[in-house]
Amino acid sequence: MDKNIKIAADRACDPASVEAIRKAENDCVDISFFRMDLQKNQCAFGTKGICCRICHMGPCRITAKSPVGVCGANADTIVARNFLREVAGGAASHSDHGRHLVLLLQKIGQGRQNGYTIKDEAALSRIAGAYGLDGRNMTVLELALRLAELLIAEFTSQEDKLKTLKLAPRQRQGLWQKRDVEPAGIDRMIVESLHRTTMGVDHDYRHILMHAFRLAITDGWGGSRIASMVSDILFGTPTPVRSVANLGILGEKTVNVLVHGHDPALSEMLAAASLDPAIKDYAKQAGAAGITLAGICCTANEIMMRHGIPLAGNFLQQELAIVTGAVEMMLIDVQCCMPGLPDVAQNYHTEIVATSGIAQTIGATPEKFSIDHAYETAQNLLKRAIDNYRNRDPKKVAIPQYTKPLVAGFSVESIKYMLGGTFRASFRPLNDAIMQGRIRGVAGIVGCNNPKSQLDYYINTLTRELIKENILVLKTGCAAIASAKDGNLMPEAALEFAGSGLREVCEAVGMPPVLHMGSCVDNSRLLEAATEICAEGGLGEDLADLPVVGVAPEWMSEKAVAIACYFVASGIDVILGNPFYIAGSEKVSRFLHEEARSLFGASFHAHDNPADAAQKILTIIEERREKLGINRKAERKLMDMKDRRELHV
Ligand code: XCC
Ligand code: SF4
């Protein structure tokens with residue numbers, strides 16, 4: 001073995017992944033962990049953001065000897081343009097995902113249902129109401145259609161500002177207006193980003209970066225928020241549900257089908273079809289004990305939150321799942337599905353099926369999924385997976401026997417209900433706990449894995465540290481799956497790992513110290529939760545007042561850049577585990593890391609290790625508590641029995 005290739009235990013901290021990485025080594029299968037080593041010494045120009053290939057006079061690279069490109073663009077312009085294009089990539093991904101769901105809602109509203117329904121009518125009227133639609137004299141389908149049309153206009157509007165911005169606290173809306181970053185239609189904002197950054201258009205780094213914030217708001221308070229809301233209407237608002245995580249959920253004797261990517265529309269149908277008695281029989285006839293449907297990345301989060309379907313793993317486990325030799329079929333849709341999957345699959349019997357109309361991967365079977373034949377497609381795919389069961393080679397199978405139980409499904413609605421009960425569903429108990437200091441604050445830990453660092457290490461170390469410090473942790477995406485594998489999504493984790501204040505609250509409510517709130521588009525739920533805390537009162541009027549931070553410890557995707565930007569634009573500080581590609585411009589770095597604070601009340605902070613990150617997070621939270629005047633712990637402690645007696649005379 002090449003001595004440069006690191007040992008498996010350095011690559012991942014969960015034992016299932018370590019075992020699977022070793023198996024990949026033994027099976028001579030190339031996976032991202034190994035390819036990372038071949039890419040060592042990654043391009044320093046790229047890392048600093050000072051490579052420009054926007055026009056064909058370039059590519060230009062900024063050095064001491066050539067401080068500007070052929071056109072005269074300096075490092076500040078180049079770094080800012082590259083940054084905006086990353087935000088555009090991320091915002092486009094979330095928003096296009098949202099669009100597909102809105103179009104599905106529209107079709108259902110038009111009566112073209114094909115197995116889909118409005119699963120959550122209460123969510124429909126609640127959300128329609130938030131946009132000022134009164135559904136009392138309409139049928140459910142009419143209301144769905146009206147809402148769909150209104151949401152489509154959020155994408156296409158040319159000059160009107162996004163209506164969804166109204167869901168933010170009023171002060172924040174005012175600030176966005178003052179800063180002139182209120183976005184118009186989602187599509188236009190994305191197109192404009194490409195326009196601004198093409199050769200010879202927008203050159204002032206501040207002006208470019210302000211559009212990055214405007215665009216990011218379009219994502220968090222537009223496309224992503226719409227995606228989450230419409231998913232709730234179509235598939236049900238998540239409520240607490242039990243499930244299991246990690247590669248050990250794969251069955252030795254069942255047909256294993258994995259869904260991977262982000263689009264919940266097909267996986268919802270697969271979940272239904274996997275329960276179909278005819279399909280179950282078909283599996284039995286093939287000699288299998290049944291079907292195990294499980295997921296990777298955010299498609300997993302979507303169907304786990306609503307059906308309890310197990311999480312096979314997070315981003316860096318997509319290849320490892322195949323390496324177990326026990327997967328009959330992996331369905332990939334959009335985002336985060338590695339193009340190398342078919343190469344890994346070639347070593348086993350796994351069939352990779354690409355289901356999205358916009359995403360094809362060489363070596364994957366195309367099975368364009370149309371919502372007009374969704375259920376049949378789901379049935380046929382499952383049958384094909386069952387047919388593939390006979391090709392499984394028992395000699396190649398090794399499923400790491402590790403799983404952890406979990407509780408997830410914490411939508412804002414269900415948190416309210418959990419805290420306050422049916423009749424008084426509210427965030428009041430949480431606000432009170434924060435004001436009394438039992439909970440110091442809230443951290444949203446989100447984002448991906450990255451083979452540059454040990455899988456899950458930063459995420460899980462930081463999470464444990466924060467709950468010990470009485471910080472309630474909210475999670476989404478692959479970071480949430482990391483917590484699941486670490487056992488922190490169970491109420492019992494509060495007894496074992498949480499500080500006394502947080503433990504007390506978790507025990508009273510029966511909740512885990514780490515709340516899984518969904519997929520990456522569901523980061524909008526974190527904003528929604530923060531807005532609820534604000535509205536509940538006692539902790540300030542604006543998101544920038546709250547003792548709340550966002551963290552992306554092991555991020556890799558452009559989507560994470562967009563998410564980080566909309567958090568900061570919303571007044572929530574963001575800690576990055578690995579830095580943006582901006583070091584090539586001091587001005588851009590200063591703007592994002594410092595000046596943003598005077599514009600939005602929050603900024604970015606990069607910390608490459610969990611200990612420093614925890615320290616920074618606690619500092620930010622304590623500063624905000626101090627400002628709110630809720631740090632009266634010391635005074636309270638001084639009250640001894642004598643004082644109390646005196647008080648009562
Ligand atoms: Fe992708 Fe959403 Fe990142 Fe995971 S966390 S690697 S983006 S799946 Ni969003
Ligand atoms: Fe070079 Fe300017 Fe063209 Fe960029 S836009 S490649 S800096 S000439």
Side-chain angles (χ1 to χ4, degrees), residues 32 45 49-63 66-82 85-86 89-94 97 196-203 208 219-220 224 227-228 259-264 295-302 304-305 311-319 332-338 444-451 455-456 459 475-484 516-526 550-564 577-578 584-585:
S32 55
F45 293 98
I50 45 174
C51 169
C52 182
R53 35 156 301 174
I54 272 170
C55 90
H56 285 236
M57 296 189 281
C60 300
R61 307 190 298 186
I62 299 302
T63 63
S66 59
V68 290
V70 176
C71 66
N74 62 16
D76 306 329
T77 303
I78 292 173
V79 169
R81 277 198 302 220
N82 287 338
R85 286 201 165 194
E86 283 192 82
S93 313
H94 290 143
H97 167 173
R196 281 173 185 249
T197 52
T198 198
M199 197 269 146
V201 187
D202 203 0
H203 298 137
I208 297 168
D219 179 355
S224 282
S228 298
V259 286
H260 173 22
H262 286 77
D263 187 349
I296 304 274
C297 283
C298 283
T299 299
N301 286 326
E302 296 274 1
M304 184 276 294
M305 295 273 283
L311 302 169
N314 48 4
F315 177 67
L316 283 182
Q317 288 179 293
Q318 57 185 291
E319 293 170 306
I332 54 176
D333 51 66
V334 287
Q335 302 166 24
C336 304
C337 304
M338 290 189 187
I445 304 185
V446 310
C448 327
N449 320 125
N450 188 327
L455 168 61
D456 296 343
I459 297 171
K475 290 234 173 171
T476 60
C478 290
I481 303 178
S483 278
H516 186 335
M517 296 189 74
S519 66
C520 305
V521 293
D522 290 331
N523 281 315
S524 64
R525 294 191 203 272
L526 300 184
V551 201
E554 302 175 23
W555 69 279
M556 61 85 202
S557 170
E558 287 177 332
K559 292 180 284 172
V561 183
I563 293 165
N578 44 300
S585 163

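Counting starts at 1 for both ligands and their atoms, following the listed order.
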If we only count heavy atoms from C-beta on, is the M57 to C71 side-chain gap below 4.5 Å?
yes
Backbone N/O of M517 and side chain of T476: donor-acceptor pair under 3.5 Å:
no
Are the side chains of N74 and I62 in contact, using a 4.5 Å heavy-atom criterion?
no
Can you tell me which portion of R81 lies within the under-4.0 Å heavy-atom range of ligand 2? Options are side chain, backbone, both, or neither.
side chain
Against ligand 1, does Q335 come closer than 4.0 Å with any heavy atom?
no
List every atom of ligand 2 that sits less than 4.0 Å from any heavy atom of V70, numbering the atoms from 1 in the order shown and giving each element.
8 (S)
Who's the nearest protein heavy-atom neighbour of atom 9 (Ni) of ligand 1, and how far?
C520 SG, 1.8 Å
Would you indicate which of A482, C298, S93, G447 comes nearest to atom 5 (S) of ligand 1 when only heavy atoms are counted?
G447
Looking at every non-hydrogen atom in both residues, tell me the closest pair between A75 and G584 and how far apart they are.
CB-O, 3.5 Å
C297: numbered ligand 1 atoms lying under 4.0 Å from its heavy atoms
8 (S)
Using a strict 4.0 Å cut-off to heavy atoms of M199, name the atoms of ligand 2 that fall inside it.
5 (S)
Any luck finding a side-chain donor-acceptor pair between D456 and N314 under 3.5 Å?
yes
Does S519 come within less than 4.0 angstrom of ligand 1, counting non-hydrogen atoms of the residue?
no
Under 4.0 Å from one or more heavy atoms of F315, ligand 1 contributes atoms 6 (S)
What residue and heavy atom of the protein are closest to atom 3 (Fe) of ligand 2, and at what distance?
C55 SG, 2.3 Å
Which heavy atom of S524 sits nearest a heavy atom of G220, and at what distance?
CB-O, 3.8 Å
Could you check whether any side-chain heavy atom of N523 comes within less than 4.5 Å of a side-chain heavy atom of S224, counting everything from C-beta outward?
no
Subset of ligand 1 atoms that lie under 4.0 Å from at least one heavy atom of M556:
6 (S)
With H262, which of K559, H94, E302, H97 fulfils side chain to side chain donor-acceptor pair (under 3.5 Å)?
K559
Any chance you could measure R81, atom CZ, to H203, atom NE2, to the nearest 0.5 Å?
5.5 Å
On a heavy-atom basis, the closest approach of I54 and T197 is CD1-O, 3.1 Å
At a 4.0 Å threshold, what atoms of ligand 2 neighbour a non-hydrogen atom of C71?
2 (Fe), 5 (S), 7 (S), 8 (S)
Show which atoms of ligand 2 fall inside a sub-4.0 Å distance from at least one heavy-atom site of C60.
1 (Fe), 6 (S), 7 (S), 8 (S)
Is there an N/O/S atom in C478 that lies less than 2.8 Å from atom 4 (Fe) of ligand 1?
yes
For C448, the ligand 1 atoms with a heavy-atom partner under 4.0 Å come out as 3 (Fe), 5 (S), 6 (S), 7 (S)
Where ligand 2 meets C52 - atom numbers and elements under 4.0 angstrom, heavy-atom basis:
4 (Fe), 5 (S), 6 (S), 7 (S)
Nearest non-hydrogen partners of I78 and C52, listed with the distance:
CG2-CB, 3.7 Å
Logged contact type for C336 with ligand 1, heavy-atom cut-off 4.0 Å, is side chain
